[in-house]
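Throughout, a chain's letter reflects where its sequence line sits, starting with A, and its residues are numbered from 1.
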4 protein chains.
Amino acid sequence: MQQYDPNEIIRHIYRAEDYQRLAEELLEPSVYAHIAGGSGCERTLKANVSELDRIQLLPRILRDCSSGSTRTQIFDRSLSHPIFLAPVAYQSLVHPEGEIETAHAAEATDTPMVLSTLSSCSLEEIAKNNSGLKWFQLYFQPSFVDTLDLVRRAEKSAYQAIIVTLDTPVQTVSHRAQKAGFRMPDHIQDANLTNYAPHNTIQIEQDESFIFQGIMRQAPKWEDLRHLLAETQLPVFVKGALHPADIDQLLQIGISGLVISNHGGRALDSTPATIQLLSAIRARVGKNFPLIFDSGIRSGEHIFKALALGADAVMVGRLQMYALALGGALGVAHMLKVLREELEVCMALTGCSQISDITPETLL
Amino acid sequence: MQQYDPNEIIRHIYRAEDYQRLAEELLEPSVYAHIAGGSGCERTLKANVSELDRIQLLPRILRDCSSGSTRTQIFDRSLSHPIFLAPVAYQSLVHPEGEIETAHAAEATDTPMVLSTLSSCSLEEIAKNNSGLKWFQLYFQPSFVDTLDLVRRAEKSAYQAIIVTLDTPVQTVSHRAQKAGFRMPDHIQDANLTNYAPHNTIQIEQDESFIFQGIMRQAPKWEDLRHLLAETQLPVFVKGALHPADIDQLLQIGISGLVISNHGGRALDSTPATIQLLSAIRARVGKNFPLIFDSGIRSGEHIFKALALGADAVMVGRLQMYALALGGALGVAHMLKVLREELEVCMALTGCSQISDITPETLL
Amino acid sequence: MQQYDPNEIIRHIYRAEDYQRLAEELLEPSVYAHIAGGSGCERTLKANVSELDRIQLLPRILRDCSSGSTRTQIFDRSLSHPIFLAPVAYQSLVHPEGEIETAHAAEATDTPMVLSTLSSCSLEEIAKNNSGLKWFQLYFQPSFVDTLDLVRRAEKSAYQAIIVTLDTPVQTVSHRAQKAGFRMPDHIQDANLTNYAPHNTIQIEQDESFIFQGIMRQAPKWEDLRHLLAETQLPVFVKGALHPADIDQLLQIGISGLVISNHGGRALDSTPATIQLLSAIRARVGKNFPLIFDSGIRSGEHIFKALALGADAVMVGRLQMYALALGGALGVAHMLKVLREELEVCMALTGCSQISDITPETLL
Amino acid sequence: MQQYDPNEIIRHIYRAEDYQRLAEELLEPSVYAHIAGGSGCERTLKANVSELDRIQLLPRILRDCSSGSTRTQIFDRSLSHPIFLAPVAYQSLVHPEGEIETAHAAEATDTPMVLSTLSSCSLEEIAKNNSGLKWFQLYFQPSFVDTLDLVRRAEKSAYQAIIVTLDTPVQTVSHRAQKAGFRMPDHIQDANLTNYAPHNTIQIEQDESFIFQGIMRQAPKWEDLRHLLAETQLPVFVKGALHPADIDQLLQIGISGLVISNHGGRALDSTPATIQLLSAIRARVGKNFPLIFDSGIRSGEHIFKALALGADAVMVGRLQMYALALGGALGVAHMLKVLREELEVCMALTGCSQISDITPETLL
């Protein structure tokens, strides 16, 4: 793993998206392919960005924004800004300190961090390095006992919410990464899962399907989610639900919020760009239900557009990894600062002093 | 004809479409051009794929797919999966054993194979190598006696249905293939037609048109199809009808099913992509009439979309030829396995356990 | 001027449009630029073709086309096929015999030829070389006496109709040609205009506009057209009218037909593609008013689409010049044969036996 | 700074846009990037041009344009043509004489010039070199006293109107320019601002935002504009208002006209192309309210389209800079002549004798 001089990197960044540009130039190609790639033909990956791009903003003039602020609230938490660090797995892939560096950046910039189940550092270690707002992303484990143990550990380490990811019961590989010859290095570990039963080797009968009778037999079902909700007092968000019927059912069983996500174009290809679905979902869940937008955010302008169409906050995944790879904690913190400033410029030029001013009326 | 090591080939395939990518790299360019090319400016060829691509899928969460299966039914036949091997002509062009290898792959994967009239192996020989589901694709011959003889032979060799192709009374050449210098090698024979009267050399008077008074004089008419239907007990499908008026008339004269096809973009250029027409045709023929979708399928995701818009099954032509060229029977079988798994992944991620769950509601 | 072996050229042509491809390879670049280029940014030039391309055709099956024919009628003339040779100026630019070769091709293929006022051979000489259907394209001259003299000469030489071109009172240069360094060679003459008063050098006062008080002062007005109609018994077609109000007025003053044209994208750039306007114009002028379609035709498929949307016939300009440049009379005749056969293939595959069968119902 | 031979330059210009083509070839790349670039991803920059491009014009025939003219009126001023020189800052960047050369060109071609607050020559010096129509573009200064002093100086130097630019309280950098390494040379001065208090260094507390509590604290508010209107008798135009609510309020407080502009794609990226908004704004302000169109004009055809959709006149910024860079006063004058002639050609071919004939009816 190449190490970079963060101060040198920062001098070449004019906007948050430049972290992607530099990463493409500097990272080992297969690692870049793994991070940047999406599933299938990358139609969803591309649509996530292009659909955000083509939304148009209508500037305002002469409005007093001198008491402006990005401070906002989600659930009952006050946030300095509406940007979350998404739960990206295996961050040691790009930096020797992995999620610890990310945690330092999160704390320094008052940014909520979501730690992945598939973290390369244990959730306890991250908690020691981040006294700020932190949530835990949960993948259901083959054994519910283990799943529950993860939750108990998160509770004990003062994680303030759980985000359950439900859109990838079957992994969809990144062909870009495969063609680039990417493989996860051996030194990277599932630090959170070391004491649990390993995933079963999938055993199927002849004439059975590896997908249906193999993988999907182990996939979580509605009863697992209900069970989880009954077992924890933490707010539970669901990440990856997009269909209206699924959302209705989630509301009914009492989740605390949604992360509107297509896994950054890494799950089912041909899924719509999340921004295409956002305003209909906002209309469905009502004005006050917490919605975090994920997938496609590359700039403060994108954040502004997602907020305008109904999100309370957004998550940033790939930019986080590029910044971590190139600049460690300093890179991530700088990327967040640039992103926030891009958002503030959009707010100032559209006359929005507060996050709550960012409504559909700011769009053409 | 170059021979490849199938095991080596298979190691480079991540999804079914990679057979096309590898074929473009490895095959003799004029042969690749002949297979990959379409008629005219290839507008229909491109639209077939791009119109499938742009349909969007809506994933579902937490559904129990552990008893999922691709098993389905068409007409009165049960199929392991809804994928047919399309009747591609002259398969000896890309593999010395031609259609025999394809037959082995069909049998091994429980895939219905449609043998072309223009097969480079006789229909009797293929029947010996394929005890599974096999249908016979029929081109009307200049003499109806010969046409009928083909049908009788197919009946005798236990082909279970006839597919009559009607969209190419005039051949439209592939300019891509012509420019690449493609010509059909001399060793390739119309193995099914050796005992029949050769096609007449077309004789026209001065001021007559080679197309109208030449070729079209020999083209089949409605009475020929009616005659055929009266002569055989086998179910007769028609391939290539797209116009509502033609479809109405076909229903009236009592065919057993339709293959919705534009000949893979190899017939009249500027014909719509078949997927543009599919749902209107399904509405026209009613819920239970057998419809097989052809032209443009390059992935399991495409299969899913065609099923969602009303097809009972799909046909795969070019992918079959690429896999046959590069891997023989093993290649074709592997391609079918990959394609089927791609379909299963789509089903799992959209929460469809059964083929009948794949409805328009799975689309955005 | 390079001379080519027509037989060699013909062997490389698979469809009419290949004449363009070969011309781009073989012609002196500035000459190719002059022929292929359009005015301004070539938006209209490109739209002419792309708007024809994107129209979709619906094939038919099993129809009896054995007595098919491209024979048709316009005005009171019977035509072997609905293809006119457009009045392209200065054909000696690409072949030493210029319009004489074109005339031989027209006669040999029974194709109506429209001779340009700006012909490099005199209209009398062309008449001697073409006993077939020929029309004369008229540009109003600065002096009406000269204009009328052109008409009288056309009448005397048995031209059967006049086409008055009205869309270029101001010439719009081809920037592509200018940048390629094109200039008309000195040896090329306005053979029809040698005895007439030369165009006045434009004299304008200070503060006057070269365009308005210069060029447009000499441009024809409605009274000139009325005057012309009163002076000749020949049918008069108008080429270049597109606005509904202009078309209404033309119908009222009694012209015999329209050529729907934007001068092949060589007049005002940003003019719509003619195919965008055709069906509305057909609706406006009624079922029986003669309409010839021009601008954008590159294939028989394009011809079919123009006829389907209301044209009685089409004109071919650039293809004519490419074929003349590369193959002389033989090239032009061959190009016409290929184009006609492309049309016949479209007719056969859409089940149209006669030109009158080509209706909007053949389109999707 | 390279000097060019204006006569040599002019020989390579066929249309106004060629000044851009030549500038891209000849200028120092970072300077070209600074002029040509836009903010963010340059979506607005591109849309400004492409949205103008795709509007279609409907030509007319046989109309008498011999008394045609581009003369028009805005407010109570008669103009030779509806083209303004936009207030481009720091023109000494591309020519040693900067705005003085532009002033000579303006005077020679009877073109209204708008001088920028950020001129590299003082407004008094420009006034000495331009006895013609000239307006002053005003940026509010941190101190209203200084702002008012600028206005008084403009009044004293016989500027006939004030244009207040309000769309860039926050500067949005051009990443293209940054990446090309552009920096403003030291020798360039804010000639109009030398006697004023320098802009305050922005001081913010910890936890304050540089954008909101820093820059936006100094930005003009509605009361500043009202104050300005009360203090001057000159007509005041506002540049940069696009939102209907802002336009309503501006009408209410009594401004004299609007410049419909998105700062040439140099302010908030994702702002709509101005031509998308123009006709709705014309409908909102009524038939007689002065509207000048800015952002995207690259040709006379673009001018025609903006006038057709409701503008009284247009502004030209980038073309002005390219022509100034390459040809000084002669270049700017020539560019204006070419642009005007392009407009006249459009008028002639659409049958518009007068600017007032250019209505929406000239469009498809």
Side-chain angles (χ1 to χ4, degrees), chain A residues 39-41 43-44 47 140 164-179 204 207-226 238-247 249-250 253 261-263 267-273 276-277 280, chain B residues 11-18 20-22 25 49-50 52-71 80-81 109-110 298-305 308 337-338 340-355 357 361-364:
Chain A
S39 54
C41 299
R43 274 191 291 278
T44 297
F140 277 97
V164 188
T165 304
L166 294 173
D167 54 9
T168 41
V170 181
Q171 290 283 344
T172 50
V173 290
S174 162
H175 300 296
R176 196 203 296 198
Q178 283 183 307
K179 283 169 201 169
I204 53 170
D207 280 334
E208 284 192 336
S209 151
F210 181 79
I211 300 296
F212 291 126
Q213 283 75 49
I215 294 171
M216 291 304 287
R217 189 160 286 159
Q218 300 192 3
K221 315 286 183 307
W222 280 100
E223 67 203 30
D224 299 302
L225 182 60
R226 275 196 210 90
V238 163
K239 178 162 174 275
L242 297 173
H243 195 285
D246 287 338
I247 289 172
Q249 193 155 353
L250 289 169
I253 68 173
S261 170
N262 55 35
H263 219 113
L268 177 64
D269 199 20
S270 280
T271 300
Q276 290 179 260
L277 303 170
Chain B
R11 285 198 303 119
H12 288 84
I13 301 294
Y14 306 112
R15 45 183 181 146
E17 212 168 345
D18 287 338
Q20 169 160 9
R21 190 175 49 82
L22 276 195
E25 282 173 32
V49 177
S50 64
L52 276 164
D53 279 348
R54 69 194 199 77
I55 295 167
Q56 295 188 315
L57 306 178
L58 215 39
R60 301 301 300 266
I61 55 168
L62 295 173
R63 310 234 313 200
D64 186 348
C65 294
S66 61
S67 57
S69 161
T70 58
R71 186 153 286 282
S80 295
H81 55 73
T109 58
D110 201 11
R298 303 287 186 272
S299 67
E301 193 187 297
H302 287 169
I303 297 173
F304 185 95
K305 291 171 176 178
K337 174 179 175 295
V338 173
R340 176 178 169 163
E341 205 162 287
E342 289 174 356
L343 170 61
E344 290 180 350
V345 169
C346 274
M347 291 174 69
L349 293 176
T350 54
C352 297
S353 272
Q354 307 301 326
I355 294 296
D357 295 336
E361 282 73 46
T362 61
L363 309 180
L364 182 63

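Nearest heavy atoms, B:Arg60 versus A:Ala245: NH2-CB, 3.3 Å. For the residue pair B:Leu57 and A:Pro272, the shortest heavy atom distance occurs at O-CD, 3.0 Å.
For the atom pair CD (A:Gln178) and OH (B:Tyr14), the distance works out to 5.5 Å, reported to the nearest 0.5 Å. Taking CZ of B:Arg340 as the reference point, atom CZ of A:Phe210 lies at 14.0 Å (rounded to 0.5 Å). With rounding to the nearest 0.5 angstrom, the NZ atom of A:Lys239 is 12.5 Å from the CD1 atom of B:Ile61. Separating the CG atom in B:Leu364 from the CD atom in A:Gln276 is a distance of 6.5 Å, to the nearest 0.5 Å. Note that OG1 of B:Thr70 and CD1 of A:Ile211 are 11.5 Å apart. Values are rounded to the nearest 0.5 Å. Atom CE of B:Met347 and atom CG of A:Leu268 lie 13.0 Å apart (nearest 0.5 Å).
Heavy-atom distances place the backbone of B:Ser69, and not its side chain, under 4.5 Å from chain A. Looking at A:Leu250, only its side chain comes within 4.5 Å of chain B, counting heavy atoms on both sides. Looking at B:Leu363, neither its backbone nor its side chain comes within 4.5 Å of chain A, counting heavy atoms on both sides. Only the side chain of A:Thr172 comes within contact range of chain B, judged by heavy atoms closer than 4.5 Å. Interface remark: B:Asp18 contributes side-chain atoms only to the contact with chain A (heavy atom separation under 4.5 Å). Heavy atoms of A:Leu225 lying under 4.5 Å from chain B belong exclusively to its side chain. Contacts of A:Ala219 with chain B are absent, with no heavy-atom separation under 4.5 Å from either backbone or side chain. If you measure heavy-atom distances from A:Ala280 to chain B, you find no contacts under 4.5 Å at all.
Taking B:Asp64, B:Asp53, B:Val345 one by one and counting their heavy-atom pairs under 4.5 Å with chain A, the maximum is reached by B:Asp53. Your options are A:Val170, A:Asp224, A:Asp167, and the one with the most heavy-atom pairs under 4.5 Å with chain B is A:Val170. Options A:Val173, A:Asp269, A:Leu277 differ in how many heavy-atom pairs under 4.5 Å they form with chain B, and the most are formed by A:Asp269. Between chain A and the residues B:Glu341, B:Glu17, B:Glu344, the largest count of heavy-atom pairs under 4.5 Å involves B:Glu344. Contact count against chain B (heavy-atom pairs under 4.5 Å) is highest for A:His243 among A:Gln213, A:His243, A:Met216, A:Arg217.
No donor-acceptor pair closer than 3.5 Å links the side chain of B:Arg15 to the backbone N or O of A:His175.
Defined by atom type and a distance below 3.5 Å, a donor-acceptor pair is present between the side-chain atoms of A:Ser270 and B:Lys305.
Proximity of B:Arg21 to A:Lys179: side-chain heavy atoms (C-beta onward) are separated by under 4.5 Å at one or more points.
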